[in-house]
Amino acid sequence: MALVLDSETALIRDTALDFFEKRAPVSALRKLRDDKDALGFSLPLWRQMAELGWAGFLVPEAYGGADYGCLGLGQVMEAAGRTLAASPLLATALIGASALALAGSEQQKAAHLPALARGERLLALALEEGAHHAPFAIAATARPSGGGFRLDGEKRFVLDGHVADLLIVAARTSGAPGERRGITLFLVPGDARGLTRTRTLMVDSRNAARLSLDGVELGADAVLGPVDGGADALDPVLDRARAGLAAEMLGGAAAAFERTVQYLKDRKQFGVPIGSFQALKHRAAAMFCEIELARSAVLAALSALDAKSSDTGALASLAKAKAGDAFFLISNEGVQMHGGIGMTDEHEIGFFLKRARAAEAAFGDGAFHRDRYASLMGY
Amino acid sequence: MALVLDSETALIRDTALDFFEKRAPVSALRKLRDDKDALGFSLPLWRQMAELGWAGFLVPEAYGGADYGCLGLGQVMEAAGRTLAASPLLATALIGASALALAGSEQQKAAHLPALARGERLLALALEEGAHHAPFAIAATARPSGGGFRLDGEKRFVLDGHVADLLIVAARTSGAPGERRGITLFLVPGDARGLTRTRTLMVDSRNAARLSLDGVELGADAVLGPVDGGADALDPVLDRARAGLAAEMLGGAAAAFERTVQYLKDRKQFGVPIGSFQALKHRAAAMFCEIELARSAVLAALSALDAKSSDTGALASLAKAKAGDAFFLISNEGVQMHGGIGMTDEHEIGFFLKRARAAEAAFGDGAFHRDRYASLMGY
Amino acid sequence: MAELDAFRAETRAWLEANCPPSMRTPMPDDEIVWGGRRARFKNPDSKLWLERMAARGWTVPTWPKRYGGGGLAPEEARILEEEMRRLNCRSPLQSFGIWMLGPVLLEYGSEAQKAAHLPAIARGEIRWCQGYSEPEAGSDLAGLRTRAVPQGEHFLVNGHKIWTSYADLADWIFCLVRTDPLAKKHEGISFLLIDMDDPGIRTRPIRLISGASPFCETFIENVRVPLDNLVGGLNNGWTIAKKLLEHERKMIASIGERQRGAERSLAQLAKTYCGARDGKVADAVLRDQIARHEIDQRAFRLTQRRAAEEAKGGAPGPASAMFKYYGTELNKRKFELLLQCLGTQALGWEGDGFAAEEKRITREWLRSKANSIEGGTSEIQLNVIAKRVLGLPD
Amino acid sequence: MAELDAFRAETRAWLEANCPPSMRTPMPDDEIVWGGRRARFKNPDSKLWLERMAARGWTVPTWPKRYGGGGLAPEEARILEEEMRRLNCRSPLQSFGIWMLGPVLLEYGSEAQKAAHLPAIARGEIRWCQGYSEPEAGSDLAGLRTRAVPQGEHFLVNGHKIWTSYADLADWIFCLVRTDPLAKKHEGISFLLIDMDDPGIRTRPIRLISGASPFCETFIENVRVPLDNLVGGLNNGWTIAKKLLEHERKMIASIGERQRGAERSLAQLAKTYCGARDGKVADAVLRDQIARHEIDQRAFRLTQRRAAEEAKGGAPGPASAMFKYYGTELNKRKFELLLQCLGTQALGWEGDGFAAEEKRITREWLRSKANSIEGGTSEIQLNVIAKRVLGLPD
């Protein structure tokens, strides 16, 4: 398990850092928000990212991808997190590609992965139905219909759901909500009949949508992975999502921290930089420690995913929990230490505070992952 | 509900502050410890306290007490807490007197309360059987035998149990451990046949004992309160114990805080008093807030007990939880801020750290009282 | 005692006779009466209620009658408050004039200043705002740079104030200005009253991370202010400023206390959004956190009550720093817990998909982050406690 | 690579042939070998094992052979470590001479000093202790007052050291002393080696809140120390002191890591003392706190590993302050959780009624409170991070 980047991955990181700093700074997210951009991200920018290979980082070479792995994609996501860049990295490059690559049939892979890797197909995972991440609390139904299935139900918090060309929908083919067994994944075209998509405007100015499935008819070939075994198919996909999102959150925390430390050096009150006040120094030092711990946890989780290590699940939960703690602490302390100016919409530090909360809620918050970690550790 | 002391109670407080400061400073506890004193407290001092009326503060006037109430006794206990004074205040004056006065028959009251108020009879409540406060987890049994009962079982953490003249023992006359119903209280003489008492040496240098009841035969008149209804009888007694102990803990926290603030002013490093360092200042200011909140909670609980207010239970839990939080924080910060010298047995600040933990465990720790508070508030 | 009982009976009778029924219902934010030249009354009863109360001097019950007050003793004022609460009477008038400027003028103002300004505040005719902070003078308030230069019968004032709440709706501003740039920074400050009906004054609303806000920036450019508008003497403004800050702290400390009729408790929301079992919040960890918060909040309220009982209505002292600090931190914690309960339903900004209650919580969560900054940061409050309460050295 | 493989094979074979079986079992505290003139070996195999390892220079594998070391390259030393772990070999010798003084002498000592002291350390013949802190110089270490006055061929030393671990068992002490009382405080300090076999040196053990301890006070009265015992030049002691402090921090940082075979985990103890349900800790709140702690601890260990990988075995830098700070705070938290689990069973001091494991936990809980004080307080570590890592201004 590598905790230090090899030179090739370090190069990817440097490229990504430069890319997002120049082409997608925080002001770009503000502009998308203020323009009420219909997509919620820049499609041309996504094409550029695809050209750099990032869209296909988890796509096997046979399907036109770079197959570079999670550690590499994690570096890109961390860099994106530093500028709060909105893009399909999470929903498409990480989750969508993983679901297809890990659970898809030959035919499904051939049909979608090459376009995905070219940045020409957007995906979204429609999983959640309640206010909290609960991968087995699926009430949406998929009933046999003709030779295929008929889907009914409601989905919330579907990242990129309003623009995805292809949705991966978790629905119940048997069992009751809360049961692990009986969930099946389906590939649903974005323009399927009976599917209504409503974009929700989120506090972090990112994308999410509500889906309403009202008798959506699908063929048997729409099933992704085993019937009734969708939860097993989702497990590794969700762990990738958690680790990747943790990397993004680490980037956000690190950037917010650097901005705050810089402000402590620049801002003068009582004739001295406020960073000379010991109480603030000690709090800054404590934040530094949290960043360092979160970074180790994220690197360990990403490496474990690539190594297919047996404790991938625990490490993914570790990473999401620690990155969440760090981002929460630092985004809050960041606003407090910036004082009044940090409370203004004009300043950028508040964007980090908002993103921290939204990212925390996605794919399990700290409480969810502590519970999961304890279970995986046998207590 | 009084949150400010009336002049009479303020006088009691002042008398008690002076008494404990002069006659039972922390060095007295150290001496009891180092001498391996068999009692664990000074009996002559207890007689003096009785002469001041404190032993009988919760004893009705008809039985020779002062019937002054919980707010008054709380002031004495807070003062005792400031010097970590070991005495039968909690086991006898608060718990023993309350149990007899609230649940005792005329005969039982007449037999014991006058001697108790004179400081000539020591009591102890034998309740706990496990490592955590659990008033209904009673496995000790009381089976009918002759015209009375035969008691078998084990009791732990019996405060003053090794020297008490009279023990109040909770045993099960019906039901199963964990059930509220089926517990009965018994008055057991300290020299009863079949009763073995073993003193345990505790980290806070206070008293506690283990009891072994091996076929202890009692008459029917040994029952205190209703058969099977011991839990109901104990409820108000335990709430008094919690509020009174909270007052003691508040005293300990306040004294540890004052010592620490004084040390911050006196101790010089880097050519200045360490109390001029902002990080320590902020932590001291935060501790001040916790003391103030704990004080309000304790006063509210003691007043509610005297007023027989309907939310006495919630306020007792509030007081115990807040006093526990404050004492924990301050005793730990106290040692840390005293630095190396605070770690030595020679210095007194460590005695507060030890007492804080022992008091926390008695009659429910913070987790217990948060759970209880939530239940009482309906969530 | 008998006199007070009589006062209570009389007060109750008057309120029952004079408080319009619609003024006995919970007050929506947009019906709060702030007064001022441009005051509008969404509900006509609000105007009636204001006029009736002002006529008795009960918009400012303890102020002297000659300045438009009620002339009540503290015990009488408490009885009035209790009786109003009993009937659910709305507050007839809120303003920074009542809370902040009034007490200062009563203590430091000249007879002419009192006569000129206090009755107008009591009747809600003039709305005041506060010009303290500046972009470079936040926690270091005394570092302010707005200059007031005496020129004949006037000061010429130039400067840039920030965080002036409702400056865009106010008629006058009470300001800290620098009148002696050479003196030590606390000694060259004066307290000045400025009529904002002057083309040299311009305000710009500030958008917060929570959205629109009452805060403004206020630009003062070559505004001439009569020398008579100086309160408390030249270069004596810092004494007044400190007093006012204590009043402000006390105000902000109870920021989490505003209870709206419709608001559901943390525990109720937790049951709704995270499930209940046997009548308890199903998630034991969340339940423990809620209990911890509610215990702290209750102990905090008890402490506010105890402080009031101890002070018997006296002015707030350095301990007000504790209330400002603890109260605002508690409020922030409450909203973090609310967000944890609501999960993704607390992540909406506007539009469909989120209930009004959910969106309100999201906005207030963000707004709560300013609590520990405005009116003196938590860090400043801790400094005050350490120095003035605990006596720790500089 | 092939060379390293050969080294590994050879090492493994030698260890298997030479490490006595009783030296392959977990080491009880009272069998730890510290060496010294008065060393006693409870287990005779310990002596044999020390002699065999010392003969190969493997008590100090990376030191040069001419000073009694093994002359190994870092990769070889790591292999030796791995192979010893594989066989569960005990450490043959522990000492402050190896961990602290040795590296300093190698960097700053004269040839004569190296020859005189390093081999004796390597063979465990001389046991060293560290004389840094003084009653008035704790966090402000440079405020030390122990004086060393040159008189002919000697320094005359007078002073009072505190927190000298195992001073009562040591043969020599390495000391910080003030040699120029007029210089700025960091510039008048020297690093001196003192033979404790002198009637002017007296030690007194310090009893801690946790009971007996290895710490002592050391009184130095009119002790004559040869000028040759000065290391690193006159008034140059602070440079050495800072280096040593970084080594010490690193040592203390992993204080919670010592895993004894018999120790049960937090979760196991929680299940025992608070109950289990469906294989989980029954108390969900406690379980969450344990998970929070274990997550932090694992992330901390990963960070230690990452730092080691990044530094490739280089000397510890200012980031060692983070490990000292976080590691010791974690350890304190662990014991608080343990106490919470054990309830009243963690409140015993001695005698009956409490299991040995319970009493050990109680004592270690109290002992853990010193972790964030010894070797530089948590506050000092945070200062170091703020200044030297983050570059925040003084």
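Scope of the values below: all heavy atoms of this structure, side chains included, with no hydrogens, waters or symmetry mates. Chain letters run A, B, ... following the sequence lines, proteins first and then strands; every chain starts at 1.
- Salt bridge C:R360/C:E364: present, at least one basic N to carboxylate O contact under 4.0 Å.
- Scored by the side chain to side chain contact (heavy atoms under 4.5 Å, CB included) test, C:V389 finds B:F288, C:P318, C:I385 as partners (sequence neighbours excluded).
- Of the listed residues (C:K271, C:E379, C:R306, C:R298), the one with the most heavy-atom contacts under 4.5 Å to chain B is C:R306.
- The heavy-atom pair separating C:T62 from C:A77 by the smallest distance is CG2-CB, 3.6 Å.
- In this structure, B:K320 does not pair ionically with B:D239, as no charged nitrogen and carboxylate oxygen lie closer than 4.0 Å.
- When C:K387, C:E294, C:Q381 are compared by the number of non-hydrogen pairs under 4.5 Å with chain B, C:E294 comes out ahead.
- For the atom pair OH (B:Y373) and CD1 (C:I290), the distance works out to 12.5 Å, reported to the nearest 0.5 Å.
- The main-chain N or O of C:W238 is never found under 3.5 Å from a side-chain atom of C:H186 such that the two would form a donor-acceptor pair.
- Taking each heavy atom of C:A241 and C:Y132 in turn, the nearest pair found is CA-OH, 3.5 Å.
- Near-neighbour residues of residues 242-257 of chain B relative to chain C, defined by a heavy atom under 4.5 Å from a heavy atom of that chain, comprise B:F257.
- Using a 4.5 Å heavy-atom cut-off against chain C, the contacting residues of residues 265-283 of chain B are B:K265, B:P273, B:G275, B:S276, B:Q278, B:K281, B:H282.
- For chain B, the option among C:T303, C:V384, C:D394, C:L266 with the highest count of heavy-atom pairs below 4.5 Å is C:T303.
- Most heavy-atom pairs under 4.5 Å with chain C, from the set B:A367, B:A284, B:C289, B:A286: that is B:C289.
- Counting heavy-atom pairs closer than 4.5 Å to chain B, the top-ranked of the candidates C:A386, C:A299, C:S265 is C:A299.
- Contacts of B:A319 with chain C are absent, with no heavy-atom separation under 4.5 Å from either backbone or side chain.
- Residue with the most contacts toward chain B among C:V281, C:D278, C:I295: C:I295 (heavy-atom pairs, distance under 4.5 Å).
- Within residues 321-328 of chain B, the residues approaching chain C closer than 4.5 Å by heavy atoms are, in numerical order, B:A321, B:K322, B:D325.
- With chain B as the partner, the residue from C:E329, C:R287, C:M322, C:K280 showing the most heavy-atom pairs under 4.5 Å is C:R287.
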Derivation and outcome, side-chain hydrogen bond (donor to acceptor under 3.5 Å, both in side chains), residues C:E336 and C:W365:
CA-CA 7 Å; C:E336 290 299 343; C:W365 160 65; 2.8 Å; yes
Side chain to side chain contact (heavy atoms under 4.5 Å, CB included) between B:Y263 and B:I341: does it pass, once the steps are laid out?
CA-CA 11 Å; B:Y263 189 76; B:I341 195 74; 3.6 Å; yes
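- Between C:R86 and C:E83 there is a salt bridge, with a side-chain nitrogen of the basic residue lying less than 4.0 Å from a carboxylate oxygen of the acidic one.
- Ion pairing between B:E78 and B:R82 fails under the 4.0 Å rule for side-chain N and carboxylate O.
- Under the 3.5 Å distance criterion, the side-chain polar atoms of C:E76 are matched with a main-chain donor or acceptor of C:A73.
- For the residue pair C:Q297/C:Y326, the side-chain donor-acceptor check at 3.5 Å is not satisfied.
- For the residue pair B:T15/B:D18, the side-chain donor-acceptor check at 3.5 Å is not satisfied.
- Salt-bridge check for C:E82 with C:R8: passed, with a basic side-chain N closer than 4.0 Å to an acidic carboxylate O.
- Without hydrogens or angle criteria, B:D306 side chain to B:C70 main chain gives a donor-acceptor distance under 3.5 Å.
- Salt bridge annotation for B:R180-B:D235: present, with a cationic side-chain nitrogen under 4.0 angstrom from a carboxylate oxygen.
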